[in-house]
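In the text below, chain A, chain B and the rest are named by the order of the sequence lines, each starting its count at 1. Fair warning: this is a prediction, and the values are worked out from it, not measured in the lab.
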Amino acid sequence: EAGVTQSPTHLIKTRGQQATLRCSPISGHTSVYWYQQALGLGLQFLLWYDEGEERNRGNFPPRFSGRQFPNYSSELNVNALELEDSALYLCASSHTGLQGYFGPGTRLTVL
Amino acid sequence: TQLLEQSPQFLSIQEGENLTVYCNSSSVFSSLQWYRQEPGEGPVLLVTVVTGGEVKKLKRLTFQFGDARKDSSLHITAAQPGDTGLYLCAGLLMKTSYDKVIFGPGTSLSVIP
């Protein structure tokens, strides 16, 4: 069974640009969670999508947004990139809502 | 604000040594998970503990959930270089879903050959 996949592996942008990150959950999982892991900090919850709807968002500004597609894959968009947005962005999927399976992450670097 | 604390923050040991890392909170959790994360990779789930006092063994790794479900420990016997990584604990509060999981800051373990 394929695990959670994320693309791209690495993404380099400049300040003010927009970034789009993608996640494909494990087959059969309907929930997708996005996290930001900045250097030296723990995992910070960004967004939760389930059955195509945004169910919850963490304490991040509105320029962090996303969506979930009918096949349950998800996209995270970060607009007006700032230097401090540089981080590893992790996606996790879940079927039960009690346990998450993480993808390898997208390393976003903002110059 | 619920917090999960992990100690030690950093640990460097020689191959073959034993070690224990800790995860503590003032909150009661319905379950607690341990993950290992290697550099540039996502966290990989090692174990989920649910019952207070529960002990789970995974080869050389022993996980214990505190009786009051507020703390947990991870003991590694005869550490190997492959055990190197960031060990994260994550607690799920009662009657909440995975978006409410609280992650600790992690213990960074380095096992020197």
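The neighbour count for Leu83(A) CG, taken as heavy atoms of other residues, nucleotides or ligands under 6.0 Å away, is above 12. The environment of Gln18(A) atom CD is dense: over 12 non-hydrogen atoms of other residues, nucleotides or ligands sit within 6.0 angstrom. Surrounding CZ of Arg15(A) are at most 12 heavy atoms belonging to other residues, nucleotides or ligands under 6.0 Å away. The number of heavy atoms from other shown groups lying within 6.0 Å of CG (Asn71(A)) is above 12.
Across Gly58(A), Pro104(A), Gly42(A), the residue that shares the most heavy-atom pairs under 4.5 angstrom with chain B is Pro104(A). Note: Gln37(A) leads Gln37(A), Gln6(A), His10(A) in heavy-atom pairs under 4.5 Å with chain B.
Two rings, from Phe45(A) and Phe103(B), have their centers 6.0 Å or more apart.
Under a hydrophobic-cluster definition in which Ile, Leu, Val, Met, Phe, Trp and Tyr are linked whenever side-chain heavy atoms come within less than 4.5 Å, directly or via other members, Tyr33(A) and Phe64(A) are assigned to different clusters. Val32(A) and Tyr35(A) are assigned to two separate hydrophobic clusters, defined by single-linkage of ILVMFWY side chains at heavy-atom distances under 4.5 Å. Grouping the Ile, Leu, Val, Met, Phe, Trp and Tyr side chains by contacts below 4.5 angstrom, directly or via other members, places Leu61(B) with Val21(B).
For residues 63-77 of chain B, heavy-atom neighbours of chain A at less than 4.5 Å comprise no residues at all. Applying a 4.5 Å heavy-atom cutoff, the residues of residues 32-54 of chain B that approach chain A are Gln33(B), Tyr35(B), Gln37(B), Gly40(B), Glu41(B), Gly42(B), Pro43(B), Leu45(B), Thr48(B).
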